[in-house]
Amino acid sequence: MTRDTQIFDIIRQERERQTRGIELIASENYVSDQVMEAMGSVLTNKYAEGYPGKRYYGGCEVVDLSEKLAQERLKQMYSAEWVNVQPHSGAQANMAVFMACLNAGDKFLGLNLSHGGHLSHGSPVNFSGLMFHALEYNVREDDGLVDYEQLEQIARTERPRLIIAGASAYSREWHYERIRRVADEIGAIFMVDMAHPAGLIAAGLLKNPVKYAHIVTSTTHKTMRGPRGGVILMGKDFPNPWGKTTPKGEIKMMSQLLDSAVFPGVQGGPLEHVIAAKAVAFGEALQPSYVDYQKQVKLNAATMADALLKKGYKIISGGTDNHCMLVDLRTKFPELTGKVAERALVAADITSNKNMVPFDSRSAFQTSGLRFGTPAITTRGLKEDLMPWIVSLIDRVLSDPENEQNILKVRNEVNAEMTKYPLFAW
Ligand SMILES: *Cc1c(COP(=O)(O)O)cnc(C)c1O
């Protein structure tokens with residue numbers, strides 16, 4: 001077959017886009033060449049429905065080895081007793097937990113999407129909100145921190161079967177112990193979705209939720225810096241407390257329920273090429289240099305947040321403990337929407353995303369916020385000394401978002417600086 005120049009030209013364009021700009025999307029990162037190599041390998045040809053040693057297809061002896069290696073490395077990263085590395089994405093991992101722990105229509109409690117939560121924690125357009133009874137807790141209006149009193153009060157009056165901690169736009173550490181206490185009090189399952197801070201947690205820079213939660217889910221492609229995918233972990237297994245009996249009347253362990261929920265519950269064959277790439281990324285996360293990387297991610301974020309505050313921007317909760325921050329634009333630019341701000345920054349080759357802020361006066365399509373994160377630029381090699389410069393560029397663009405000349409000048413500065421930080425070796 002002749003080379004598909006159409007698609008490979010598009011891939012080249014995307015590679016150029018990634019190379020010339022400053023990437024501030026908090027959920028993105030650049031994987032290593034080895035992670036990329038494993039993803040583009042012959043393992044994509046293999047069907048392997050089932051789990052290592054218990055597959056529905058022949059010829060799985062080799063992929064069994066890489067899936068087992070992925071499992072062992074992931075357990076080591078978080079001191080977990082049990083893991084599943086097959087979820088195709090973070091949302092699939094969450095869906096499997098819902099399937100294993102809840103019946104349709106059951107109540108669960110998660111962080112409000114417009115307060116930093118994720119679609120899969122109860123949004124009315126997501127399976128979680130469509131098939132289950134979603135309850136939500138907020139952050140507090142005055143300090144932007146999770147409203148634990150409200151969470152406890154809703155938990156006690158509504159008695160949800162599942163409580164979820166974790167967020168997509170929350171820059172502070174969590175009081176997992178406190179949520180576990182109320183979960184135990186009402187007999188609920190406590191799940192933590194660590195999709196965003198997973199890499200910082202693996203490096204020991206934030207508390208490890210595997211110690212506090214019954215079940216932990218994550219993505220592998222955000223701060224963790226692996227291929228696009230999801231995982232599920234548990235500290236120790238526990239018998240199913242929900243009386244979800246099998247047709248034969250057996251009591252199932254939670255690990256069995258979760259395994260069956262991933263496959264055949266919500267997925268078919270696993271992506272063994274991605275699982276091998278996950279194993280590579282987990283191996284990288286166990287190297288000492290990974291701790292240095294995550295420390296720099298955190299330092300870059302803290303320095304960026306400081307620089308934003310100095311320029312008069314409001315950051316929800318006043319700063320960051322992790323890799324990300326949520327800016328409420330209304331304080332400095334009451335007329336500027338997140339949508340316009342995002343577009344102006346993209347035109348200057350600075351990529352970020354508009355985001356709802358807690359108690360937002362605008363819709364999800366307009367928004368009053370921007371979310372910034374440092375995992376990608378830190379992988380690229382940018383250090384804290386460059387963070388005030390990045391903030392000054394952002395400020396120049398947002399101060400005059402319709403001025404094309406101004407944006408072009410900023411873009412030229414961005415492009416010139418980024419040539420000093422080569423991204424791809426190949
Ligand atoms: C990103 C994210 C997910 C979903 O990940 P996908 O891989 O995009 O499905 C789930 N939960 C949280 C908290 C996230 O931030």
Side-chain angles (χ1 to χ4, degrees), residues 23-29 31 35 39 84-99 108-123 125-130 132 134 136-137 139 146 162-174 176 179 190-202 206 209-210 213 215-233 261-262 266-267 270-271 274-275 277-278 281 297 301 316 320-326 352-356 358 364 369 371-376:
E23 183 53 74
L24 296 179
I25 293 180
S27 47
E28 293 190 11
N29 214 325
V31 300
V35 168
M39 260 189 290
N84 185 309
V85 297
Q86 290 195 357
H88 300 333
S89 78
Q92 298 293 102
N94 288 347
M95 192 175 199
V97 175
F98 278 77
M99 289 271 296
F108 73 98
L109 175 59
L111 179 63
N112 183 342
L113 178 63
S114 63
H115 287 227
H118 188 258
L119 276 170
S120 61
H121 298 183
S123 158
V125 294
N126 180 262
F127 79 88
S128 54
L130 286 165
F132 303 93
E136 58 192 25
Y137 56 94
V139 298
V146 165
L162 174 72
I163 302 178
I164 304 179
S168 297
Y170 186 66
S171 58
R172 296 302 186 179
E173 178 63 287
W174 287 76
Y176 298 129
I179 305 176
F190 176 32
M191 171 190 130
V192 173
D193 178 347
M194 63 172 181
H196 261 265
L200 297 170
I201 292 165
L206 291 171
V210 172
I215 303 169
V216 175
T217 59
S218 185
T219 59
T220 50
H221 49 274
K222 298 180 181 177
T223 54
M224 203 197 283
R225 207 167 57 182
R228 201 153 281 283
V231 291
I232 310 176
L233 311 90
V262 173
V266 301
Q267 292 187 174
L271 311 175
V274 175
I275 290 173
K278 286 174 180 172
V297 167
I316 303 300
T320 180
D321 297 332
N322 57 27
H323 63 293
C324 73
M325 64 213 74
L326 184 55
S352 71
N353 60 284
K354 65 176 185 290
N355 214 102
M356 296 275 279
R371 187 185 63 164
F372 296 125
T374 54

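In each ligand, atom 1 is the first atom listed, and ligand 1 is the first ligand listed. Nothing here was measured: the structure is a model prediction, and the numbers come from that model.
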Considering the heavy atoms of [X], write down every atom of ligand 1 situated less than 4.0 Å from one of them.
| X | value |
| --- | --- |
| S168 | 12 (C), 13 (C), 14 (C), 15 (O) |
| D193 | 10 (C), 11 (N), 12 (C), 13 (C) |
| H196 | 15 (O) |

* To do: Tell me, please: is Q92 in heavy-atom contact with ligand 1, that is, under 4.0 Å?
  => no
* Asked: What do you reckon, does S27 put a non-hydrogen atom under 4.0 Å from ligand 1?
  ->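 The answer is no, since S27 has no heavy atom less than 4.0 Å from ligand 1.
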* **Gap separating the CG atom of L111 from the CH2 atom of W174, nearest 0.5 angstrom** => 5.0 Å
* To the nearest 0.5 Å, what is the distance between CG (N94) and OG1 (T217)? ->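 These two atoms lie 4.0 Å from each other.
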So which protein heavy atom does [atom] come closest to, and at what separation?
| atom | answer |
| --- | --- |
| atom 5 (O) of ligand 1 | T219 CG2, 3.2 Å |
| atom 14 (C) of ligand 1 | K222 NZ, 2.9 Å |
| atom 9 (O) of ligand 1 | A91 N, 2.8 Å |
| atom 6 (P) of ligand 1 | G90 N, 3.5 Å |
| atom 8 (O) of ligand 1 | H221 NE2, 4.4 Å |

* Proximity of A195 to ligand 1 by residue part, where a heavy atom lies under 4.0 Å ->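 For A195, only side-chain atoms sit under 4.0 Å from ligand 1.
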* To do: Grab the two heavy atoms, one from L162 and one from M191, that are nearest each other, plus how far apart they are.
  =>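 Closest approach of L162 to M191, heavy atoms only: CD1-CB, 3.9 Å.
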* If you take all heavy atoms of R228 and H221, which pair is closest and at what distance? ->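 Minimum heavy-atom contact is CA-ND1, 3.3 Å.
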* **Short side-chain donor-acceptor distance under 3.5 Å, N126 and S120** =>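 No pair is found: no donor N or O on one side chain lies under 3.5 Å from an acceptor on the other.
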* Asked: Does a donor on one side chain sit under 3.5 Å from an acceptor on the other, for R225 and T220?
  ->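 Side-chain D/A pair, R225 to T220: absent.
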* Asked: How far apart are the C-alpha atoms of H196 and S168, what are their side-chain angles, what is the distance that settles it, and do they pass the side-chain contact (heavy atoms from CB on, under 4.5 Å) test?
  -> CA-CA 6 Å; H196 261 265; S168 297; 4.2 Å; yes
* side-chain contact (heavy atoms from CB on, under 4.5 Å) evaluation trace for L233 with M194 -> CA-CA 11 Å; L233 311 90; M194 63 172 181; 3.9 Å; yes
